[in-house]
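Below: one structure, written as structure tokens.
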Amino acid sequence: MSGETGQPKRSRLASLAGLVLLLSGGALLLYDRFRPAVTLEEVPATEAERTALEPGGAFPITALTRYALRRGNASVTLTVADYRDARNQSHRVTLFPADRLRHDTWKAVGEAIIRHTDGNALFLAWWDDAQRIHFLSGRETWLDRPAAAAFPDDEERSVWGKVAGGFAAVPDASRRLARWLTMEADAALEAMKAELPAERPVYLLVCLDDLARLGEIEALAGVRLPFEAARFPGGDLHGQIAAVQQWARQDVDQASYLVQQTPGAGVQAWRITTPQGRDTLLARLLPFTTSLARPLPQAQTVYQSGWGSHITIYALNFGEGKM
């Protein structure tokens, strides 16, 4: 990704494998063309972080660990909480005590889930979102750990396995979700209807940060999505949006884009370059310009965060009793 407005660089999304971490203080790209080793170093958790996470969610935290994740000169700190559920099973979750905007956004999501869904609800979300859903609300999720095959690079696989608390013993749920997200939306929803439990209310959560996980989704689905990214620095939002619109129209038949604000670091923009890409389930669920006017009848929006539509929850309507 380029650091200059109007000069974006095609992202090698499949090779990033989730190492694009968009933080409130700026956009850090933990990627280098020479691919230096990824390192993960444990650092002490601060008392302020512990205070910010108590009470944290539906379950008490048993341990808090901070990891310094580094690749070359780029670095980011991840805060990981360990907890046990009502059946005394151990879990891990990545939280954001040092990132007030994300912390408050996810806290509100957890509270909304508790208010508006019952204990029988089943949530579909990518693994890191799913971990937060379970910790914050206690609701069951379709998957709760990543699949090792999502990380072709050995170093990245080792890093994310440690952060996530290990990999799923059976990766089928991750593979199916990845495949559904990359399929044409209507076909994906029909496939989901055939496999998901008809007797339970099913919800699907998507987050703009899921775009940082495109490499994982592509690896598991076996496809390359026609999504491109660029960063537009500066403080003039109107000028940035104009530049994003111009970029989004370049060499495509219809501009399809979304914008992520990164306070203090301009905006991060994404565009879709083919009609097939615009019709994928992932594109239709995220607030791309071509998707906003085309809501999916089977996916009813039941919650959306106030921060730039950062997180959206859909109720999947597969028939009577699903809403």
Side-chain angles (χ1 to χ4, degrees), residues 55-62 81-95 105-147 164-166 168-181 183 185-207 209-210 281-282 284-286 295-305 309-323:
F59 309 101
I61 293 172
T62 58
D82 291 287
Y83 67 95
R84 290 186 175 275
D85 64 18
R87 294 179 292 179
N88 204 34
Q89 294 180 331
S90 60
H91 299 267
R92 284 204 127 183
V93 57
T94 300
L95 301 169
T105 298
W106 273 102
K107 182 179 179 181
V109 167
E111 293 169 349
I113 291 173
I114 292 171
R115 282 197 311 270
H116 299 298
T117 69
D118 61 38
N120 192 40
L122 176 65
F123 273 81
L124 277 71
W126 205 242
W127 67 268
D128 52 337
D129 295 337
Q131 289 184 338
R132 284 184 280 274
I133 291 168
H134 183 259
F135 172 71
L136 292 168
S137 70
R139 300 297 187 257
E140 184 181 350
T141 58
W142 174 252
L143 54 88
D144 65 355
R145 295 191 183 191
V170 180
D172 291 356
S174 293
R175 290 188 183 278
R176 277 182 281 178
L177 182 55
R179 183 59 184 148
W180 291 333
L181 291 172
M183 289 171 62
D186 289 331
L189 289 165
E190 282 300 310
M192 294 165 77
K193 179 180 179 180
E195 292 199 42
L196 295 171
E199 72 281 359
R200 299 181 65 178
V202 179
Y203 298 85
L204 195 158
L205 180 147
V206 291
C207 176
D209 289 341
D210 294 345
L281 181 61
L282 181 60
R284 296 288 299 277
L285 295 173
L286 289 171
L296 292 163
Q298 306 98 315
Q300 177 190 5
T301 302
V302 295
Y303 177 86
Q304 195 163 63
S305 66
S309 303
H310 188 70
I311 296 171
T312 305
I313 298 175
Y314 296 93
L316 298 185
N317 180 21
F318 294 137
E320 188 175 351
K322 281 289 185 180
M323 299 294 285

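What you are looking at is a predicted structure, and each value in this text was computed from that prediction instead of being measured.
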When rounded to the nearest 0.5 angstrom, what is the spacing between [atom1] in [X] and [atom2] in [Y]?
| X | Y | atom1 | atom2 | answer |
| --- | --- | --- | --- | --- |
| R92 | D128 | CZ | CG | 14.0 Å |
| D144 | I133 | CG | CD1 | 11.5 Å |
| T117 | Y303 | OG1 | OH | 13.0 Å |
| Q298 | L281 | CD | CG | 9.5 Å |
| S309 | Q304 | OG | CD | 3.5 Å |
| L286 | H310 | CG | NE2 | 11.0 Å |

For the residue pair [X] and [Y], what are the closest heavy atoms and their distance?
| X | Y | value |
| --- | --- | --- |
| G138 | A58 | N-CB, 3.6 Å |
| A147 | P171 | CB-CB, 3.6 Å |
| L143 | A125 | CD1-O, 3.7 Å |
| C207 | I311 | SG-CG1, 3.8 Å |

Geometric class of the Y203/F123 ring pair [parallel <30°, tilted 30-60°, perpendicular >60°]: parallel
Test side chain to side chain contact (heavy atoms under 4.5 Å, CB included) applied to W126 and L177, step by step: CA-CA 8 Å; W126 205 242; L177 182 55; 3.8 Å; yes
Give a yes or no on whether the backbone of [Y] and the side-chain of [X] come within a donor-acceptor separation of less than 3.5 Å.
| X | Y | answer |
| --- | --- | --- |
| S137 | G110 | no |
| Q131 | R145 | no |
| R139 | D118 | yes |

Is there side-chain contact between [X] and [Y], with heavy atoms separated by less than 4.5 Å?
| X | Y | result |
| --- | --- | --- |
| I313 | T301 | no |
| L296 | L285 | yes |
| R200 | L122 | yes |
| L316 | M192 | yes |

W142 and W180 aromatic centres sub-6.0 Å: yes
Pair F59 + H134: ring centers closer than 6.0 Å: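 Between F59 and H134, the centre distance is under 6.0 Å.
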R132 charged N/C atom sitting above W106 aromatic ring, 6.0 Å / 45°: yes
Worked verdict on V206 versus D129 for side chain to side chain contact (heavy atoms under 4.5 Å, CB included): CA-CA 8 Å; V206 291; D129 295 337; over 6 Å; no
Worked verdict on R176 versus E195 for side chain to side chain contact (heavy atoms under 4.5 Å, CB included): CA-CA 10 Å; R176 277 182 281 178; E195 292 199 42; 2.5 Å; yes
Candidate pair H91 and D85, rule side chain to side chain donor-acceptor pair (under 3.5 Å), full reasoning: CA-CA 8 Å; H91 299 267; D85 64 18; 2.8 Å; yes
Pair L124-T141, side chain to side chain contact (heavy atoms under 4.5 Å, CB included): steps then yes or no: CA-CA 6 Å; L124 277 71; T141 58; over 6 Å; no
Residue from L136, I114, T312, L205 passing side-chain contact (heavy atoms from CB on, under 4.5 Å) with V109: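 For V109, the side-chain contact (heavy atoms from CB on, under 4.5 Å) check succeeds only for L205.
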